[in-house]
Amino acid sequence: MSGYDESDAFEAAIPLSQRAMSARPAPYLDDLNPAQRAAVLATDGPVLMLAGAGTGKTKALTSRIVHLLMTGKARPNEILAVTFTNKAAREMKERVGRMLGAAVEGMPWMGTFHSISVRILRRHAELVGLKSNFTILDTDDQLRLLKQLIVAANMDEKRWPARQLAGLIDHWKNRAWTPAKVPSSEAAGFNNRGTELYDRYQERLRSLNACDFGDLLLHCVTIFQTYPDILEQYQRWLRYIMVDEYQDTNVAQYLWLRLLAQGHRNICCVGDDDQSIYGWRGAEVGNILRFEKDFPGAEVIRLEQNYRSTEHILAAASGVIEANSGRLGKTLWTEARGGEKVRLIGHWDGEEEARWIGDEIEALQRGTRQLAPVSLNDQAILVRASHQMRAFEDRFLTIGLPYRVIGGPRFYERLEIRDAMAYFRLAVSPDDDLAFERVVNTPKRGLGDKAQQEIQRMARSSGVSLLEGARELLAKGGIGGKGAGQLRAFVEGIDRWHAAVLNTRPELADAVIEPMLPDTAPNRDHSHVRLAETILEESGYTSMWQNDKTPEAPGRLENLKELVKALEQFDGLQGFLEHVSLIMDNDSQDATEKVSIMTLHAAKGLEFPVVFLPGWEDGLFPSQRSMDESGLKGLEEERRLAYVGITRAETLCTISFAANRRVYGQWQSQLPSRFIDELPDRHVDVLTPPGLYGGGYGAAGMGAGFGGGSRIEERATRADVYNSPGWKRLQDRSTTRPIAQPRESRSSVIDLNAVARFTEGDRVFHQKFGYGTVAGIEGDKLDVDFEKAGVKKVVAGFVTPATEAGDVPF
DNA sequence: AGTGTGATGGTTTTT
DNA sequence: CCATCACACT
């Protein structure tokens, strides 16, 4: 089945006009720095582009593509440019298009690993036991399937949750292990039945003519490895290969790339080992670290000039990342001078931290300081774990500060969207059992577990799909009175919709659906849009939500409307289904400006003038779990996360931590993150809430200053803080109010020099834990045996010496 | 078939 | 503490 006709997708590519090539020598080279230019010009042979944060990586990459096209080294259809996210792919496309001054109509091989794999797989599906119109399972379908298998295997689905199995299988697929290839050392997982279930799962997928995300890559690799002639074709066609975010590739992706690159060996991998933060989902930093071994003679080009951040921000980031071992090594530098140092501030607890940051954001927005007003759109809060967002959301809601959370549930992951999609899937391929299962009783049709089991049984015994099973069941009268009518209506509905789909797109009658080119001309008559509406109407799905009086119902209807609207850009329902998971972005661009709240992971690749990095506390960041599970490797990945966080900031970066945080409902004393100790002194401003008691500092033991790592403690004496330029500047600028307005004042001020004052046996007082005795001293941290709370490790700055009278010193 | 209750466990996430 | 989910109840 090697009958790939070279003339279809490839010919669709429109070669660049000769005019464009001869216009000017190479304007795209003009505004590149030497390293970038080298990366652009090193077209042949393997190249590793080590591009630090903010060094113009995308610019170099896109210029490289433009260069290849303009010099005629490659036609648009001969360049394979792979990214991880659709967003990145889209951006690359747009930028290349802009540079060329024309739409990049024909770069069929620019996309994500997954979308390109789908394209390839559709061609050769039969080689791995699929039909070319296979469906791609989402996580939900996948879990349901696995659960069925677990139950079928007579296992307790509680002790052996589908989620875990899904994770295991995903892990294996990331390593490009088919069931047969899973090493025996790994097979012990999941009650010793992991591989067995994996095998059954694959079997089931095949019978469903379906694939999960991991399969897209894995099947391609299998095909390449098994059919050298097919691999050769691709190797021949794809003369130039470029990979973005190479540090994030997993083994399967690595194999995929290596196989394809073995032809011309013109592979350019762009990445930054310091920004590898996806080890936990299978990314192998090793891929980038051993690039030169994999591709002997590789040219390594370092992009180190940063155009994004101030020198202080860069220095702070560098200071942190230097603590990692085994780096390829790279030092960011900038021509920019000056700017504010990275600010560091400690808070009493998480709420206080959120309050302070909220105030700070508002102050920056108003421009109360000499700084020009900063739009909310230009400010972001980057957290380690999404549950940290809550404190900010709560706070911002109460003060009416508009915010947006990035990276919430995706549009197409929402319940109503997936339900609607299941209906569309049934209309396109009525035998889609997973879709059938999903919506057969949504809206409620009186078809509960019992009825569904009957359908399942019938279908299985006749070896047909659920829809056909249901039909048979109806014919035989094997179903009770009330459900029968409803089921009949459902079945007839599917028939009707399917007929309508065929009518709209007659070519669908063929078993083989040609892969769509991304930019196919939209279907002008919009008949499929009307059909979609009809389906949702007739199925009763729309009215289900109309009759729903829960507060989220209107939003869901809104989303459905959006879904239907999105259809307009497509040629037909099936094209939509194919691409929906690829294009649907929830980038609802709102006109109102908003602060962004997101995880550090979600922030990779983004930049903001003002960045807040809260929650730098050991256990939270670095995450305890990472360290427990992956030891030093985990810690180093956390550190890279810190590096990513800091380097998101352009002009102002504020790191903060809280002394107390509620973790699972329990108040916990927190220690400042070890990463704080790694921030280089010279580039950090230790901020101090001005405090109501600047004067009473010593006596009260709760004056200005705050706890930090030991090094901070040494440098940030009160005098240092108050005399620091940053502090003075802030004071001078504080026309309306000081930098922080401590509302729960006394608790918000923490002493940094406190440790020196304590010795073992001292009686101390802690705001949240009450009275206790110092049991041990470790750097700036004290072990305190609290009367009520037991032994806790606390930062010295957060406790005060208890007076003889035992009174609270305020 | 739909609602209520107790047990459970609880980073990071794209495709 | 709080969300989620399986199970049991009506």
Side-chain angles (χ1 to χ4, degrees), chain A residues 82-89 111-118 121 136-139 142-143 147 151 156-159 161-164 166-167 170 173-174 211-218 244-245 248-250 252-253 276-283 350 382-391 406-410 412-413 441-452 480 482-483 486 578-585 598-605 615 619-630 634 637-638 640-642 644-645 661-668:
Chain A
V82 207
T83 62
F84 274 85
T85 64
N86 294 300
K87 195 171 156 219
T112 62
F113 276 102
H114 295 268
S115 66
I116 293 170
S117 294
V118 171
L121 201 51
I136 302 167
L137 257 55
D138 54 39
T139 325
Q142 199 186 348
L143 286 175
K147 205 168 128 185
V151 173
D156 180 6
E157 47 163 333
K158 259 195 128 159
R159 262 191 67 195
R163 287 207 138 280
Q164 195 190 322
D170 193 51
K173 286 186 176 176
N174 285 340
C211 242
D212 65 18
F213 285 119
D215 283 338
L216 298 177
L217 274 294
L218 190 48
D244 197 12
E245 308 283 15
D248 289 339
T249 49
N250 60 35
Q253 287 155 342
S276 162
I277 55 175
Y278 285 108
W280 52 273
R281 71 176 195 211
L382 313 183
V383 297
R384 170 69 246 262
S386 48
H387 62 77
Q388 288 173 261
M389 295 179 180
R390 203 185 170 136
I406 312 258
R410 312 224 158 291
Y412 57 84
E413 279 170 4
N441 200 29
T442 312
K444 301 277 179 263
R445 294 193 176 88
L447 300 165
D449 282 351
K450 203 174 139 269
Q452 289 187 43
K482 37 196 182 295
Q486 296 256 48
E578 168 69 21
H579 284 272
V580 70
S581 54
L582 309 177
I583 335 189
M584 282 301 243
D585 270 310
M598 68 191 92
T599 62
L600 287 162
H601 284 92
K604 192 167 79 144
L620 181 58
F621 188 42
S623 137
Q624 192 58 51
R625 196 155 159 182
S626 271
M627 296 189 292
D628 290 348
E629 281 174 10
S630 317
E637 183 153 312
E638 295 286 306
R640 291 193 289 268
L641 215 36
V644 167
R661 203 172 281 275
R662 209 168 17 191
V663 182
Y664 304 141
Q666 291 257 284
W667 278 103
Q668 274 203 327

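All values reported here derive from a predicted model rather than from experimental measurement. Residue numbers begin at 1 in each chain, while the letters A, B, ... track the order of the sequences.
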- request: Measure the acute angle between the ring planes of A/Trp280 and A/His601, then classify it against the limits of 30° and 60° as parallel, tilted or perpendicular.
  value: perpendicular

task: Pick base, sugar-phosphate or nothing for A/Glu629, based on heavy-atom distances below 4.0 Å to the nucleic acid.
output: base

task: Indicate, with a heavy-atom threshold strictly under 4.0 Å, whether A/Gly446 touches base, sugar-phosphate, or nothing.
output: sugar-phosphate

field: For atom NZ of A/Lys87 and atom P of B/dT15, their distance in whole Å
entry: 10 Å

message: So A/Arg662, base contact, sugar-phosphate only, or nothing? Heavy-atom distance under 4.0 Å.
response: nothing

- prompt: For A/Phe84, which contact category applies under a 4.0 Å heavy-atom criterion: base, sugar-phosphate, or nothing?
  reply: sugar-phosphate

query: Given C/dA6, B/dT12, B/dG10, which nucleotide is nearest the side-chain atoms of A/Arg625?
result: B/dG10

query: Would you say the side-chain atoms of A/Glu245 pair up with the backbone N or O of A/Thr83, donor to acceptor, closer than 3.5 Å?
result: no

B/dT14 and C/dA3, which share atom name P, separated by this distance in whole Å: 22 Å

statement: Residue set satisfying ring-ring contact (aromatic ring centres under 6.0 Å, His included) with A/Phe84, at least two apart, ordered chain then number -> A/Phe113

- prompt: Using a cut-off of 4.0 Å on non-hydrogen atoms, how would the nucleic acid contact of A/Ser386 be classed: base, sugar-phosphate, or nothing?
  reply: sugar-phosphate

message: Need one value for A/Arg445: base, sugar-phosphate or nothing, where a base atom within 4.0 Å counts as base even if backbone is also close, heavy atoms only.
response: nothing

task: Identify whether a stacking contact exists between A/Trp280 and B/dT12, where the ring centres must be under 5.5 Å apart and the planes under 30° apart.
output: yes

message: Please report the distance, rounded to the nearest Å, between NE2 in A/His114 and P in B/dT13.
response: 16 Å

message: Considering every strand and a 4.0 Å limit on heavy-atom distances, what is the contact class for A/Thr85: base, sugar-phosphate, or nothing?
response: sugar-phosphate

- line: When A/Arg281 and A/Ser630 are each assigned the nearest nucleotide of DNA chain B, the 5'-most assignment goes to A/Ser630

- prompt: Who pairs with A/Asp170 by salt bridge (charged side-chain N to carboxylate O under 4.0 Å, His left out), at least two apart in sequence or on another chain?
  reply: none

- request: Quick one: label A/Glu638 by what it contacts on the DNA or RNA (base, sugar-phosphate, nothing), any heavy atom closer than 4.0 Å.
  value: base

message: I need the A/Leu641 CG to A/Arg384 CZ distance, nearest 0.5 Å.
response: 5.0 Å

- prompt: Is any side-chain nitrogen or oxygen of A/Arg163 closer than 4.0 Å to OP1 or OP2 of B/dG9?
  reply: no

message: Nearest heavy atom decides the nucleotide; on that basis, is A/Leu447 or A/Gly665 closer to the 5' end of DNA chain B?
response: A/Leu447

task: For A/His601 and B/dT14, give me the distance from atom NE2 to atom P, rounded to whole Å.
output: 10 Å

